Colleague: 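Could you have a look at this structure, given as structure tokens, before my questions?
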Protein chains: 2
Amino acid sequence: MNATVMSALAEPNRLQMVELLRGHPLTVGEIARQLQIRQPQASKHLRVLSEAGIVESKVDANRRIYSLCPAPFRELDDWLENYRVLWEDRLNRLDDYLQTLEKKLPAEQQD
Amino acid sequence: MNATVMSALAEPNRLQMVELLRGHPLTVGEIARQLQIRQPQASKHLRVLSEAGIVESKVDANRRIYSLCPAPFRELDDWLENYRVLWEDRLNRLDDYLQTLEKKLPAEQQD
DNA sequence: CAGGAATATTCCTGTAAAGGAATATTTATA
DNA sequence: TATAAATATTCCTTTACAGGAATATTCCTG
């Protein structure tokens with residue numbers, strides 16, 4: 001997994017931007033307005049998102065329309081695949097059981 | 001989605017720790033050794049992971065055994081659910097198609 | 001073509017966080 | 001009980017980054 005993507009999403013405003021763009025592409029000004037931040041900050045955050053490959057922009061005359069790129073989300077999903085075993089798999093419970101057992105044994109098995 | 005989790009995973013060493021712990025629980029010393037970092041730094045990073053709820057520790061006498069907590073990964077997975085449409089769904093192509101159409105129309109539909 | 005709108009960029013400042021070194025704390029062990 | 005091992009914590013320094021303000025740039029419109 002790419003730490004850059006995580007880093008880009010670690011900033012609350014940027015995370016909000018992503019959630020905002022989930023609906024549909026948006027203009028810088030519109031993003032700034034909805035997030036209640038100033039335009040320069042919005043541009044800067046969008047730059048970070050863009051450099052992380054999370055977002056791309058399309059020029060529309062005066063405006064830039066930003067939209068989400070699928071790739072990093074797919075990668076995140078692929079990465080998470082390796083961790084699904086943590087909550088989906090039954091082996092967890094077995095593991096927990098064995099560890100609990102280990103804790104108990106020394107006291108019960110005092111021969 | 002929680003920016004704190006993202007923030008915790010944004011640091012390369014911590015991301016590596018998580019990937020390391022995916023295999024099985026580990027000791028602080030063992031983690032430090034495998035990541036080739038000093039013990040105090042390992043402890044500090046584990047603290048951050050712990051406070052983000054990504055990791056938990058079990059006391060074993062002299063040692064602390066760290067293991068992954070399922071919750072944040074599940075939450076991440078749930079969050080991603082909303083974005084799967086970005087690459088899985090056919091609506092994307094429809095959306096692209098409509099936008100392409102919009103671009104073309106002004107020229108073709110000159111009535 | 002002048003003015004204004006939309007956006008990006010630069011400079012400055014404050015703050016958070018990472019790493020290093022030293023040390024405190026707990027526990028096993030000789 | 002003194003010592004060593006494993007870990008956490010503290011203090012210090014450096015660096016990265018976020019926000020503010022100002023400004024440059026591009027493009028539309030009257």
Side-chain angles (χ1 to χ4, degrees), chain A residues 2-21 24-69 102-103 105-107, chain B residues 1-21 24-68 102-103 106:
Chain A
N2 193 357
T4 304
V5 171
M6 294 294 190
S7 181
L9 297 177
E11 210 282 331
N13 286 312
R14 289 197 291 263
L15 192 52
Q16 268 193 267
M17 282 184 176
V18 167
E19 308 201 324
L20 201 56
L21 290 174
H24 43 77
L26 280 174
T27 281
V28 176
E30 191 58 25
I31 293 173
R33 197 184 63 77
Q34 299 226 27
L35 264 63
Q36 312 225 41
I37 62 180
R38 304 176 191 281
Q39 174 268 318
Q41 321 304 334
S43 284
K44 285 185 226 176
H45 283 309
L46 286 166
R47 187 185 223 274
V48 175
L49 287 174
S50 172
E51 285 172 351
I54 297 175
V55 129
E56 69 183 356
S57 68
K58 197 167 50 176
V59 175
D60 173 31
N62 222 359
R63 322 185 158 184
R64 310 295 159 91
I65 299 179
Y66 281 83
S67 56
L68 291 184
C69 295
E102 253 181 348
K103 283 270 173 188
L105 275 185
Chain B
M1 188 50 213
N2 193 357
T4 305
V5 170
M6 295 295 191
S7 180
L9 297 176
E11 210 283 333
N13 286 311
R14 288 197 290 264
L15 191 53
Q16 270 193 266
M17 283 185 177
V18 167
E19 307 201 322
L20 201 57
L21 289 175
H24 44 75
L26 281 174
T27 280
V28 175
E30 190 57 24
I31 293 173
R33 196 184 65 75
Q34 298 226 28
L35 264 64
Q36 310 225 46
I37 62 179
R38 304 177 194 280
Q39 174 268 316
Q41 321 304 335
S43 283
K44 284 184 225 176
H45 283 310
L46 286 166
R47 188 186 222 276
V48 175
L49 288 174
S50 171
E51 285 172 348
I54 296 174
V55 129
E56 70 183 354
S57 67
K58 195 166 52 176
V59 176
D60 173 29
N62 223 0
R63 321 184 156 181
R64 310 294 160 94
I65 300 180
Y66 281 84
S67 55
L68 290 185
E102 253 181 349
K103 283 271 172 188

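What you see is a predicted model; the values in this text were computed from it and never measured. A, B, ... follow the sequence lines: proteins, then strands. Residue 1 opens every chain.
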Colleague: Which residues pass the side chain to side chain donor-acceptor pair (under 3.5 Å) test with B/S50, sequence neighbours left out?
Modeller: none
Colleague: Round to the nearest Å and state the distance from B/L35 atom CG to C/dG19 atom C1'.
Modeller: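 Rounding to the nearest Å, CG of B/L35 and C1' of C/dG19 are 14 Å apart.
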Colleague: Rounded to the Å, how far apart are B/E30 CD and D/dA6 P?
Modeller: 11 Å
Colleague: Taking side chain to side chain contact (heavy atoms under 4.5 Å, CB included) as the test, write out the residues that go with A/V5, two or more places apart.
Modeller: A/M1, A/N2, A/L9, A/I54, A/P72
Colleague: Of all residues at least two apart in sequence or in a different chain, which pass the salt bridge (Lys or Arg N to Asp or Glu O under 4.0 Å) check with A/E51?
Modeller: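 For A/E51 the salt bridge (Lys or Arg N to Asp or Glu O under 4.0 Å) partners, ignoring immediate neighbours, are A/R47.
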Colleague: Nucleotides 16-18 of chain D: which of its N/O atoms have a protein N/O under 3.5 Å away?
Modeller:
unit_1, atom_1, unit_2, atom_2, d
D/dA18, OP1, A/R14, NH1, 3.2
D/dA18, OP1, A/R14, NH2, 2.8

Colleague: Going by the rule salt bridge (Lys or Arg N to Asp or Glu O under 4.0 Å), which residues pair with A/R33 if we only count those two or more places apart in sequence or in a different chain?
Modeller: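 A/R33 satisfies salt bridge (Lys or Arg N to Asp or Glu O under 4.0 Å) with A/E30 only.
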Colleague: Who are the side chain to side chain donor-acceptor pair (under 3.5 Å) partners of B/S43, not counting sequence neighbours?
Modeller: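 With sequence neighbours excluded, B/S43 shows a side chain to side chain donor-acceptor pair (under 3.5 Å) to B/Q39, given in chain and number order.
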Colleague: Does B/R64 reach the side chain of B/T27, with side-chain heavy atoms less than 4.5 Å apart?
Modeller: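 The answer is no, as the side chains (C-beta and beyond) never meet within the 4.5 Å cut-off.
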Colleague: Within the 4.0 Å limit for protein heavy atoms, which parts of nucleotides 10-15 of chain D are touched? Write it as a string from 5' to 3', B for base, S for sugar-phosphate only, - for none.
Modeller: B-----
Colleague: Determine: side-chain N/O of A/Y66 to OP1/OP2 of C/dA6, distance under 4.0 Å, yes or no.
Modeller: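 The answer is no; no side-chain N or O of A/Y66 sits under 4.0 Å from OP1 or OP2.
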Colleague: For A/D60 and D/dC28, give me the distance from atom CG to atom C1', rounded to whole Å.
Modeller: 11 Å
Colleague: Could you check which of D/dA6, C/dA6, C/dA8 has an atom nearest any side-chain atom of A/Q39?
Modeller: C/dA8
Colleague: Name all residues meeting the side chain to side chain contact (heavy atoms under 4.5 Å, CB included) criterion together with B/S67; count only those two or more places apart in sequence or in a different chain, and write none if there are none.
Modeller: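 For B/S67 the side chain to side chain contact (heavy atoms under 4.5 Å, CB included) partners, ignoring immediate neighbours, are B/P25, B/E56.
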Colleague: For the CG atom of A/L35 and the CD atom of A/Q41, what is their distance to the nearest 0.5 Å?
Modeller: 12.0 Å
Colleague: With respect to the phosphate group of C/dA6, does any side-chain polar atom (N or O) of A/R63 fall under 4.0 Å of OP1 or OP2?
Modeller: yes
Colleague: Can a side chain N or O of B/R38 be found less than 4.0 Å away from OP1 or OP2 on C/dG20?
Modeller: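 For C/dG20, OP1/OP2 do have a side-chain N/O of B/R38 under 4.0 Å.
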Colleague: Using salt bridge (Lys or Arg N to Asp or Glu O under 4.0 Å) as the criterion, list what pairs up with B/R38, not counting sequence neighbours.
Modeller: none
Colleague: Output all residues satisfying side chain to side chain donor-acceptor pair (under 3.5 Å) with A/N62, sequence neighbours left out; order by chain, then residue number.
Modeller: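 Residues passing side chain to side chain donor-acceptor pair (under 3.5 Å) with A/N62: none at all.
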Colleague: Can you check the A/I37 CD1 to D/dG20 P distance for me, whole Å?
Modeller: 9 Å
Colleague: In Watson-Crick or G-U wobble terms, both distances under 3.5 Å, what is the partner of D/dA8?
Modeller: C/dT23
Colleague: Reading nucleotides 25-30 of chain C from the 5' end, what letters show protein touch, with B for base, S for backbone sugar-phosphate only, - for no heavy atom under 4.0 Å?
Modeller: -BBS--
Colleague: B/L46 has an atom CG; how far is it from atom P of D/dT9, in whole Å?
Modeller: 11 Å
Colleague: Just to verify, what does B/E19 make a side chain to side chain donor-acceptor pair (under 3.5 Å) with, not counting sequence neighbours?
Modeller: A/W79
